[in-house]
Amino acid sequence: MRGAPLRAFTLVELLVVIAIIGGLVALLLPAVQSAREASRRTACQNHLRQIGLALQGYADGRDALPIGCEGCGSFPAGKLTSWNTRLLPHLERHSLADAYDDTLPAKDVANRAVAIVVEEFLCPSEPEPQQIEPTGSWRGCAYTDYGGVFGVEGVGAGSGSGIDEENFGVLVYDTPIQLADITDGLAHTLAVAEVLERRTADTVWTNGHNVFAQESTAPINAASVLGGDLGSPHPGGALGVFCDGHVQWLASETPQAQLNAWLTRAGGEVTP
């Protein structure tokens, strides 16, 4: 007895199947990408939480935060010691802390050898795979995606592009900021946040220039004329850690007055 003849797919049926599979992939891909970004954002949040704990560890017994950049504006000028180097022991990076020579400039060959990739200083959502500065005087040094908060600058925040006293943040040049000087409150003052412009010599983690002042009219994730802005590759905002150690999502639509208030230590602003 002869079996029933085999029936192959027609071209139309094959095209329909391909279209259905393509539609399913199109529906699933955004969900997969969203899940991956959520995971990366959580990892980024954890990195900032560790930095916040390290800042608190540094402040214990000192009642002050580390200097944002040592040797940026006064003697010994050019030293450019970053706040990051002061946190190394509190991030359990003791070998790096011991190897860093505080008597030498940050860009000295000996200290450049210390500037290896430190996971806690990087955002996993950063699309650029390059983690090491390839050229110039910081060649071979690893980057950070998080900047110390210098304050607010620009129109309405000082003369020209300068900064008035009430618009300074907590990680500034050559001066350790006492916790008592943060009169806006530790829980209401940002210490470190993600920076929009990355993978430059100024975002090497041993380079004290990795502090930023936000332009007073620039929202989160919006590049400004003066540069050095708060932002990230995360859709819709960026992450920052406050002086009390808590990490917070900073939405791109945050009102400018609120953002500026978070970035200053003693502005006396009254905001929600």
Requested in this report: Let me see the working for Leu250 and Leu190 under side chain to side chain contact (heavy atoms under 4.5 Å, CB included), right down to the final yes or no.
Outcome: CA-CA 11 Å; Leu250 312 171; Leu190 277 163; 4.0 Å; yes
Report task. Start with the C-alpha distance between Tyr173 and Phe150, add both sets of side-chain angles, then the distance that settles ring-ring contact (aromatic ring centres under 6.0 Å, His included), and finish with yes or no. Result -> CA-CA 8 Å; Tyr173 290 173; Phe150 193 92; 4.9 Å; yes
Query raised in the report: Yes or no on side chain to side chain contact (heavy atoms under 4.5 Å, CB included) for Phe212 and Asp202, after CA distance, side-chain angles and deciding distance?
Result: CA-CA 10 Å; Phe212 73 94; Asp202 282 347; over 6 Å; no
Query raised in the report: side chain to side chain donor-acceptor pair (under 3.5 Å) between Asp60 and Gln56: does it pass, once the steps are laid out?
Result: CA-CA 6 Å; Asp60 285 347; Gln56 290 182 310; over 6 Å; no
Requested in this report: Give the C-alpha distance, both sets of side-chain angles, the deciding distance and a yes or no for side chain to side chain donor-acceptor pair (under 3.5 Å) between Gln248 and His246.
Outcome: CA-CA 7 Å; Gln248 186 168 318; His246 86 271; 3.0 Å; yes
Query - Derivation of the side chain to side chain contact (heavy atoms under 4.5 Å, CB included) call for Glu166 and Thr264 - result: CA-CA 7 Å; Glu166 66 271 19; Thr264 59; over 6 Å; no
Show every donor-acceptor pair shorter than 3.5 Å between a side-chain atom in residues 220-241 and any protein atom, with sequence neighbours excluded, or say none if there are none.
| residue | atom | partner | partner atom | Å |
| --- | --- | --- | --- | --- |
| Asn221 | OD1 | Ser232 | N | 2.7 |
| Asn221 | ND2 | Gly237 | O | 3.1 |
| Asn221 | ND2 | Ser252 | OG | 3.3 |
| Ser224 | OG | Glu215 | OE1 | 3.1 |
| Ser224 | OG | Gly227 | N | 3.1 |
| Ser224 | OG | Asp229 | OD1 | 2.7 |
| Ser224 | OG | Asp229 | OD2 | 3.3 |
| Asp229 | OD2 | Ser224 | N | 3.2 |
| Ser232 | OG | His234 | N | 3.0 |
| Ser232 | OG | Gly237 | O | 2.6 |
| His234 | ND1 | Glu37 | OE2 | 2.7 |
| His234 | ND1 | Ser125 | OG | 3.2 |
| His234 | NE2 | Glu194 | OE1 | 3.4 |
| His234 | NE2 | Glu194 | OE2 | 3.3 |

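Among Asn84, Thr81, Thr85, the single residue meeting the side chain to side chain contact (heavy atoms under 4.5 Å, CB included) criterion with Thr206 is Thr85. Here the options are Glu128, Arg199, Glu133, Gln131, the test is side-chain hydrogen bond (donor to acceptor under 3.5 Å, both in side chains), and the partner is Tyr143; only Glu133 passes.
With hydrogens and angles ignored, the 3.5 Å screen pairs no side-chain donor or acceptor of Arg86 with any backbone N or O of Ser82. A distance-only check finds a donor-acceptor pair linking the side chain of Arg265 to the backbone of Gly169 [under 3.5 Å]. Remark: side-chain polar atoms of Gln50 are not paired, donor with acceptor, to backbone N or O of Ala54 under 3.5 angstrom. Using modelled atom types, one side-chain atom of Asn260 and one backbone atom of Ser216 make a donor-acceptor pair closer than 3.5 Å. Listed for the His188 side chain is no donor-acceptor partner under 3.5 Å among the backbone atoms of Trp262. No side-chain donor-acceptor contact under 3.5 Å links Lys107 to the backbone of Gly78. At least one donor-acceptor pair closer than 3.5 Å links the side chain of Asn111 to the backbone N or O of Pro105.
Between Tyr146 and Trp205, a ring centre-to-centre spacing not shorter than 6.0 Å is recorded.
Annotation: the span from Glu253 atom CD to Gln258 atom CD amounts to 12.5 Å, rounded to 0.5 Å.
Salt-bridge formation is detected for the pair Arg198/Glu126: a Lys NZ or Arg NE/NH1/NH2 atom is positioned less than 4.0 Å from an Asp or Glu carboxylate oxygen.
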